[in-house]
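Data block below; observations after.
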Amino acid sequence: MKTIKIGQFGFGCVGEGLFDIVTDQKKNLPIAYQKICIRDINKSRKAPLEILTDNPKDLFEDVEINLIVELINDADHAFKIVSTAIRKGIPVVSANKKMIAIYYGEIQKLIAEYKTPFLYEGAVCGAIPILQTLENYYQFDKISKVEGIFNGTTNYILTKQFEEKIPFNLALKDAQAKGFAEVDPTSDIDGLDPKYKLKILLAHSFGLDVPVDQIFATGIRNISQNDISYAKNKGLKYRLISKIIKHENQVCALVCPILVKESDLAYKIDHENNYVSITAEYTGKQLLYGKGAGSHPTGIAVFSDITGVINGLSYTKSIDSNLSFTNEVFIEILISAQNLKLLDNVKFNEAYQVYESQGYFYKTGKVSINSLLSTVTDDLFIGLINNKVEFEKGEELLLV
Ligand SMILES: NC(=O)c1ccc[n+]([C@@H]2O[C@H](COP(=O)([O-])OP(=O)(O)OC[C@H]3O[C@@H](n4cnc5c(N)ncnc54)[C@H](OP(=O)(O)O)[C@@H]3O)[C@@H](O)[C@H]2O)c1
C-alpha cells in the first residue's frame, strides 16, 4: 500500500489529537506527516520543527503530499484550503462544521466536477459515527426523524446549572476552564454549532441543501437559574435539542432548548455527552451516544476518515430529494425575560398563559417556526414545552 503522506492545516485541539493517533498508529498503517501548516510558527508544538510551516503553498506545492487534513478554526479560510485540494485532486478530510454547512452547495459542485474524495465525519458530533451510519445502514431505509443533543458545551452548562444550582455565567466559566467552551462561546451558547451540524444532517439524511439562515436555532444564552429551578420543581430539566422531522413530503428542523421529563431519553444525557437518534421505517428508533467533541474523540473520527479515503470511501447521499423543507410548522413554547415588553417580540398564533415568577415574566403558547425566524432573541429565552410539531396541510393540522 502506498504511504499516506499527510499535509495538515491546523494544530490546535483536534490537530494535536490527530497527531497523537497518527503517531500511535504508524506501526499499523503506512502513514506519515509530511507537513503541518499553522498560523503562528513561533508557538511551541509537539510536532517536529522541520515539518512546520506558516505558508500554505509549502503544502500545495509538495508533490509528496497525497492527503490534505483541514483542521483550522476559520470557516472562510478553511473553504479556500478544501476547494484548492479538491481542484488539485488531492483527497481531503475536514472537521469544520461551519465551513461545510455554509459552503455545502459549492463543495458538492466541486466534488462532482473534480471527483476528489472529501470526508468530514469529525464535523458532526465528534466521535459519534453518525455520517457513516447514515451512509452504510440507512441508504434503503425511510428516515422520518433525526434528533439529539449535538453540543457538549451547552449540555455541560445545563447539567451544572441543574445539579449545582449555579448561575449560567459561572457554569459557562467552568466549561471554559475545563476546555469544553471556547473563549468566545457564541457559537455554542447561541445554538449555531448544533445548527451547522443539523444542516449537514439534513443533507445526509434527507438529501436537502437548506440555507443555514433558513434553520431556526436558539440557544441557552438567556436561560436564568429561575428557568432551571422552575422546571426542576416540576420534575423537568432543559436540554438543547436539535431535531429534523419528516411528515409526508415535508421536512422541518430546529435547534431549541426543550423541557424534558425523567422518562425522556434526553433527560438522561448529562455533562458534555451527545446523542443522536434516528427513527426510520424498517429499523425503528436507533441511538448513538457518546463524546461529541474533544481532542482525541474528534481526532479518531478524522483518523477514520483518513483510513476511509485509503479504502476508497466517499459519501453517496446526494442533494436529490422529492422532499421540501418547510418552516410553516407549529410548536408550543414558553418565552421568558426580565422585561415584560420583550415578550411582545414573539408573535404567537395562540397565547396560552402569561405569568410572573421571581422577577421574570413568562408567556406560553403556539407559534410557527417561520415567525420565530424573524424574532429578535436578544435578552429573551425560548424553550419548547413539549416534543410536538404540527404540520399544516390545508385546513388539517397533523401531529407528529
Ligand atoms: N475542538 C473540538 O472538540 C472540535 C470537535 C469537532 C470539530 N471541531 C472543528 O475542528 C476544527 C479545529 O478545531 P480546534 O478546536 O482544533 O481549533 P483550535 O484549537 O482553535 O486550533 C485551530 C488551529 O488552526 C490554526 N489556524 C488557524 N487559522 C489558520 C490558517 N489560516 N492557516 C493555518 N492554520 C491556521 C491555528 O494555528 P495556531 O496554533 O498557530 O494559532 C490552530 O493550530 C474547527 O473547525 C472545529 O469546529 C472541533
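Counting starts at 1 for both ligands and their atoms, in listed order. The structure presented is a predicted model; accordingly, all values stated were derived computationally and were not measured.
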Counting only nitrogen or oxygen atoms and a 3.5 angstrom limit, does [X] reach ligand 1?
| X | answer |
| --- | --- |
| F9 | no |
| G12 | yes |
| D74 | no |
| F11 | yes |
| G122 | no |

* Go through ligand 1 atom by atom and flag the ones less than 4.0 Å from a non-hydrogen atom of G294. => 2 (C), 3 (O)
* Numbered atoms and elements of ligand 1 in range of D40, under 4.0 angstrom, heavy atoms -> 40 (O)
* Structure fact -> A student comparing L59, V14, I72 should find that the heavy atom closest to atom 11 (C) of ligand 1 comes from I72
* **Nearest atoms (heavy-atom pairs only) where N155 meets H271** => ND2-O, 2.9 Å
* **Validation row: T116, I90 side chains within 4.5 angstrom (heavy atoms)** => no
* To do: Specify the protein heavy atom at minimum distance from atom 31 (N) of ligand 1: its residue, its atom name, and the distance to 0.1 Å.
  => H77 CD2, 3.3 Å
* Is the closest side-chain donor-acceptor distance between Y238 and Q161 under 3.5 Å? -> no
* To do: Mark yes or no: K237 above the aromatic ring of Y267, with NZ or CZ under 6.0 Å from the six-membered ring centre and no more than 45 degrees from the axis.
  => yes
